[in-house]
Amino acid sequence: MAWQEIGDRVFTRKYPFFNQQIGVVLGGRDVLVVDTRSTPAQAREIASELRDLTRDPVSIVVDTHWHFDHSFGNSVFRPATIWGHVRAAEQLRREGAATIEEVAAEIPEIAADIRETVIDPPERTFEDRATVHVGDRVVELSYHGRAHTDGDIVLVVSDANVMFAGDLLEEGAPPSFGDSFPLEWPATVEQLIPLATGAVVPGHGAIGDRAFVEHQLAAFRRLAELARAVHERRLEIEAAVSGSPFGPNTPRTAFERALAQIRGELD
Ligand SMILES: [Zn+2]
């Protein structure tokens with residue numbers, strides 16, 4: 001694996017751990033990193049591999065959302081400024097410490113490393129949109145509604161036709177639904193279509209394009225339909241899971257969260 005230039009001075013690197021995509025945007029002396037991986041050790045790996053691209057330090061970090069695999073490396077890049085959605089920062093502050101222990105128990109191979117995490121939430125937060133200057137160029141951050149979490153943002157580097165979509169889009173595995181809003185996910189992804197003018201970088205898996213976004217959108221719509229059928233007792237939840245557009249490995253949580261939303265329990 002190595003850095004791949006997917007647009008002018010826009011790079012991605014796919015890490016085998018979680019099949020995760022990390023992004024980099026270079027402009028002038030600025031270095032922007034998209035997501036910081038699961039532990040300080042993993043973040044230090046990004047920092048040292050960045051030496052292949054630039055000698056300048058990371059000056060800007062953007063967390064696409066609060067989940068540990070996207071934000072627990074944040075502290076390694078200080079004194080960089082860190083951007084994220086206002087609710088992503090809140091969630092990280094509220095859930096960060098407990099998440100360290102949950103993940104340490106679930107994934108023993110990173111237990112020691114994740115316990116070194118210093119929870120370091122974004123301080124440059126916003127609700128709907130923000131503009132970040134990376135040297136001579138501009139990166140637009142925007143929020144489009146609840147979906148994978150209640151604070152997922154996308155980055156658009158329009159001079160390079162690249163969109164980083166975080167875990168709003170996932171390739172190669174079903175999306176993660178643990179604290180998701182499955183009924184709103186389709187409307188959120190629909191808004192990404194006009195932004196997908198070139199490469200589309202998911203949080204995990206292979207890089208796609210607008211057709212990939214449209215394909216995922218159809219799948220999220222189908223999942224919501226299946227959940228409504230379960231709610232209306234036209235379908236058993238097991239049949240919905242095995243017939244899921246994301247494949248038979250789709251977690252049952254996807255439907256449990258959707259049903260909770262239909263019942264108004266997540267508002
Ligand atoms: Zn996530």
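Counting starts at 1 for both ligands and their atoms, in listed order. Counting from 1, the numbers follow the sequence of the chain as shown.
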Can you list everything that forms a ring-ring contact (aromatic ring centres under 6.0 Å, His included) with His144? Sequence neighbours excluded, please. none
Residues in ring-ring contact (aromatic ring centres under 6.0 Å, His included) with Phe246, at least two apart?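 Listed in chain order: Phe220.
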Do we see a donor-acceptor contact under 3.5 Å between the side chains of Glu49 and Tyr15? yes
Under 2.8 Å from the Zn ion (ligand 1), which protein atoms of type N, O or S occur, listed by chain and number?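 Per the 2.8 Å query on the Zn ion (ligand 1), atoms found are His65 NE2, His67 ND1, His148 NE2, Asp167 OD2.
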Kindly state each residue pair satisfying side-chain hydrogen bond (donor to acceptor under 3.5 Å, both in side chains) with at least one member in residues 162-181, sequence neighbours excluded. His65-Asp167, Trp66-Asp179, His67-Asp179, His70-Asp167, His148-Asp167, Asp167-His204
Between Val154 and Leu141, is there a side-chain heavy-atom distance shorter than 4.5 Å? no
Check this for me: does any side-chain nitrogen of one of Arg78 and Asp120 sit under 4.0 Å from a carboxylate oxygen of the other?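 A salt bridge is present here (some side-chain N lies under 4.0 Å from a carboxylate O).
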